[in-house]
Amino acid sequence: MTATLAARPFRRILLGMACLVVATAIWMPLVHFVFKPGSEQMRSASGISPQARELAQRHLDLWQASANGQADIDRMRVNNPEWDFMGRTYLVLSLANMCLREPARENEYLAVMDRIIADTQAVVDHNGIMYFMMDYARIGDFRQQPVRSIFVDGEVALMLGARRVVREHEGYRERMTQLADLTAERMLAGPVLSCESYPDECWTFCNAIALAAIRIHDVLDGTDHSGLLKGWIERAKSKLVDKETGLLCSSYRYDGAVGDGPEGSSIWMVAHCLQLIDSAFAADQYSRAKTHLRHACLGFGWAGEWPASWRSEMDIDSGPVIPILDVSAGSSGLAIVGAAAFDDRAYYDELITTLMFAGFPSSTNGRLKFCASNQVGDAVLLYSTVAGPLWDKINKRAATQGGA
Amino acid sequence: MNIKQAYRSLRQLKWFSPGCFVLCAVSFAAIYLALHLLGLREYTSVLCGTLPADRTQQTIVGFCGMSYLIFHMLAVAVAPILLIAAALFHFILLRAHDGDGRSQPTNSDEGGSAGAFGKHAADITAAAKACGSQS
């Protein structure tokens, strides 16, 4: 047979290819085991997992040691100043959850939260909201006057609310009341109970975050914006849902005309925020997002940016989308938040396996970062590892108050 | 063994031979390790769209990041496949030799494919040594 093989290279090539096929069949189903973290390694049921602690330490350094790590933020701001702002929001949300998971270090985490909130407020006061917005915010006119952006107002209110859920702060109570009441008033004035993030551009992501902040305000301060919350859900179901997928669109004009269809970089977080408003609708949106955006193969999972029925161009939110596989870094990162929030362990494990494989984790001196990510991406990932207690506490408190 | 001999040894490796599979796997792993030690892992932030403002820097960062990504995939996904395939290939060829009633495969068999796993591994080692002594 060997002599035959020598005489016939074609047969040797066929044999070699057969060996490659068999080897592929052996190895490919096993690869994910190399990268799959242990059950409590990334996300712990009650405490803080080792990986989450390392991820958090990097961010704590950023805010504890002055200017340390500022280069990361500056590098990110070149591409999108929004990421600087959103990185702060996700970090505050993460720290609020960490306070509830680890009360022994509450004071340390609260100090960082306060520093972030104070710095953010100072930046907004000094530089205006445009500091955290992309350049096109300066082009065109906001339909609603005076000019405000629900992107900034909503996330600042949410940061204040998260801080106050952990421990009350009188100064933040006043500021949050101002912001939440003003935002609610402006939303009620809009044709689809929404405010603009950018000129004549309402983003579902920003409006959902604002609704969550208003809900937290209601729970903390005993106010009642249930009419707005219910009304927004009803309008959203009737006007902002994509007919093909049943998913909420990602952006719309002030009058409610749909702009961009469903987007992965938006819908996972929207579903998470809606858990505070209408848990059934939130679960439905998460389930639909999984149906239309989830991809999985050989133990790896990821998320696409758009459903098959709605294709669009890559943008700053989606990040680069790898064709054929339909991998979107933005959508996949936020899908981890969604999977964690909806306690979808199977999808969460698949996503984390992919993250460990293609996110290029780098751990130095007890500080973890993902090289394929950036500061906001890592803050989102940190949030996915600790999310849960904050929303649970709000919902429990609402239930005891007999809230919606 | 000098460079020429090492080169000749490498050239004697046949495509679709166990030795060639091993050589490819080792090459992927070695290049990946080199890129890792050079710090190119940091440049994979291109995957989330984080790029420097300068166009030239963007090109460099993009090239470095994508190179690292490609060799990461090759080292993690493809190299093990090549090693498993090489072992299978070698095993099949050895069995074929046994079937032919020969106890010791020679290098002339299959132009270096029969018994190639050990033979070519030795050739590669010798070639590497020769490269080292030459330098």
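Within every chain, numbering begins at 1; the chains are lettered A, B, ... in the order of the sequence lines, protein sequences first and strands thereafter. Since we're looking at a predicted model, the values are computed, not measured.
Chain B forms the most heavy-atom pairs under 4.5 Å with one residue out of A/Ile322, A/Val22, A/Asn374, A/Val34, and that residue is A/Asn374. Chain B forms the most heavy-atom pairs under 4.5 Å with one residue out of A/Phe357, A/Phe360, A/Trp27, and that residue is A/Phe360. Taking chain B as the reference chain and counting heavy-atom pairs below 4.5 Å, the highest number among A/Val21, A/Thr24, A/Val31 is found for A/Thr24.
What you find for A/Ile336 and A/Ser384 is that their closest heavy atoms are CG2-OG, 3.2 Å.
Within residues 63-73 of chain B, the residues having any heavy atom less than 4.5 Å from a heavy atom of chain A are, in residue-number order, B/Tyr68, B/Leu69, B/His72, B/Met73.
In this structure, B/Thr44 contributes its side chain and B/Arg41 its backbone to a donor-acceptor pair below 3.5 Å. In this structure, the side chain of B/Tyr43 does not engage the main chain of A/Ala372 through any donor-acceptor pair within 3.5 Å. Put simply, the side chain of A/Ser266 never gets that close to the backbone of A/Pro262: no donor and acceptor are under 3.5 Å apart. A donor-acceptor pair under 3.5 Å links the side-chain atoms of A/Ser331 to the main chain of A/Gly304, judged by distance alone.
Relative ring orientation between B/Phe16 and B/Phe21 is described as perpendicular, the plane-to-plane angle rising above 60° on a 0-90° scale split at 30° and 60°.
Side chains of A/Ser265 and A/Glu305: a donor on one and an acceptor on the other come within 3.5 Å. Counting only N and O atoms by type, the side chains of A/Ser250 and A/Asp260 include no donor and acceptor under 3.5 Å apart.
Tested against A/Phe132, the residues A/Phe85, A/Trp83, A/Phe151 include a single ring-ring contact (aromatic ring centres under 6.0 Å, His included) partner, A/Phe85.
With a 4.5 Å cut-off on non-hydrogen atoms, A/Ile26 touches chain B through its side chain but not through its backbone. With a threshold of 4.5 angstrom between heavy atoms, B/Val78 does not approach chain A through any atom at all. Proximity to chain B (any heavy atom under 4.5 Å) is shown, for A/Met17, by both the backbone and the side chain.
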